[in-house]
Amino acid sequence: MRIKALACLLTLSACSSVPLQAKHDLVGMARSDLIACAGVPDNAATLPDGEVLQWRQDQQVQGPFTLKGPMSLELDLSGHGTCHFVARLRQGRVAQVEYTGPSGTLLGPYSACRPLVLACERRARKS
């Protein structure tokens with residue numbers, strides 16, 4: 001029983017660790033590679049020293065614990081979150097990654113950001 005509980009805890013913590021790891025692993029990635037894995041950004045702004053790209057996850061992402069009962073009774077023990085994935089680029093390469101929005105669920109503080117950065121994180125780990 002303890003092993004199963006530990007396995008569940010490790011699995012849940014992995015969901016929030018991907019965005020945290022991506023904050024480090026994506027630094028240095030070329031702009032073209034970032035767009036190839038994250039898709040076309042929702043917003044872009046040009047700055048004197050580079051640019052900022054933003055991807056938005058505005059649909060509420062739920063955590064894993066919702067209990068449903070008879071007569072449409074529903075108890076939600078999880079958090080809901082959205083995420084904006086913001087990448088600052090200098091000389092065509094990622095210099096900084098940040099997340100904004102209420103992105104925390106029971107899976108962790110940035111779990112709503114996971115879908116936005118998962119493909120890029122996997123790409124960065126292969127490189």
Side-chain angles (χ1 to χ4, degrees):
M1 184 67 170
R2 288 182 183 170
I3 293 173
K4 288 182 182 179
L6 180 61
C8 284
L9 182 62
L10 290 174
T11 301
L12 291 176
S13 67
C15 291
S16 66
S17 70
V18 169
L20 291 174
Q21 191 66 36
K23 287 183 80 163
H24 303 286
D25 291 349
L26 300 186
V27 172
M29 181 179 275
R31 182 185 195 280
S32 58
D33 291 337
L34 180 65
I35 291 174
C37 62
V40 176
D42 296 305
N43 293 312
T46 303
L47 302 174
D49 65 339
E51 68 180 317
V52 174
L53 304 178
Q54 180 188 50
W55 291 263
R56 299 171 64 101
Q57 167 61 41
D58 288 328
Q59 185 176 3
Q60 291 282 324
V61 175
Q62 285 185 245
F65 300 109
T66 301
L67 303 172
K68 295 184 180 186
M71 299 188 300
S72 299
L73 178 65
E74 191 172 316
L75 176 61
D76 187 6
L77 301 176
S78 61
H80 297 273
T82 62
C83 181
H84 299 167
F85 162 39
V86 181
R88 184 179 181 112
L89 286 79
R90 288 193 183 109
Q91 299 176 346
R93 297 205 168 267
V94 176
Q96 181 181 3
V97 171
E98 295 298 333
Y99 307 108
T100 63
S103 59
T105 70
L106 283 180
L107 296 177
Y110 298 116
S111 60
C113 301
R114 186 176 189 271
L116 293 174
V117 298
L118 184 59
C120 291
E121 173 59 22
R122 287 180 179 162
R123 184 181 193 125
R125 284 188 183 184
K126 286 182 183 180
S127 298

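This one's a predicted model, so the numbers in the text were calculated from it and none came from an experiment.
- Hydrophobic clustering (ILVMFWY, side-chain heavy atoms < 4.5 Å, transitive): Val18 and Leu20 are in one cluster.
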Side-chain donor-acceptor contacts of residues 38-50 below 3.5 Å, not counting sequence neighbours, with atom names and distances?
unit_1: Asp42; atom_1: OD2; unit_2: Arg56; atom_2: N; d: 2.6
unit_1: Asn43; atom_1: ND2; unit_2: Gln54; atom_2: OE1; d: 2.6
unit_1: Asp49; atom_1: OD1; unit_2: Arg88; atom_2: NH2; d: 3.0
unit_1: Asp49; atom_1: OD2; unit_2: Arg88; atom_2: NH2; d: 3.0
unit_1: Asp49; atom_1: OD2; unit_2: Arg90; atom_2: NE; d: 3.2

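- Take Arg31 and apply the side chain to side chain contact (heavy atoms under 4.5 Å, CB included) test, not counting sequence neighbours, and it matches Ile35, Glu51, Leu53, Leu89.
- Nearest heavy atom pair, residue Leu34 against residue Cys120, reads O-SG, 3.8 Å.
- With sequence neighbours left out, the side chain to side chain donor-acceptor pair (under 3.5 Å) criterion links Gln96 to Glu98.
- By the criterion of side-chain heavy atoms lying less than 4.5 angstrom apart, applied directly or through intervening Ile, Leu, Val, Met, Phe, Trp or Tyr residues, Leu116 is not grouped with Val52; the two fall into different hydrophobic clusters.
- In this structure Ala30 satisfies the side chain to side chain contact (heavy atoms under 4.5 Å, CB included) test together with Ser32, Asp33, Arg93, sequence neighbours excluded.
- Legend: ring pair (Phe, Tyr, Trp, His ring centres under 6.0 Å) pairs involving residues 28-55, not counting sequence neighbours, sorted by first then second residue: Trp55-Phe85.
- Shortest non-hydrogen contact noted between Cys37 and Ala119 is O-CB, 3.5 Å.
- The two residues Ser111 and Pro115 come nearest to each other via the heavy atoms O-CD, 3.9 Å.
- Across all non-hydrogen atoms, the minimal contact from Leu26 to Val97 is CB-CG2, 4.0 Å.
- Between Val117 and Tyr99, the closest side-chain pair of non-hydrogen atoms falls below 4.5 Å.
- With sequence neighbours left out, the side chain to side chain contact (heavy atoms under 4.5 Å, CB included) criterion links Asp25 to Gln21, Glu121, Ala124, Arg125.
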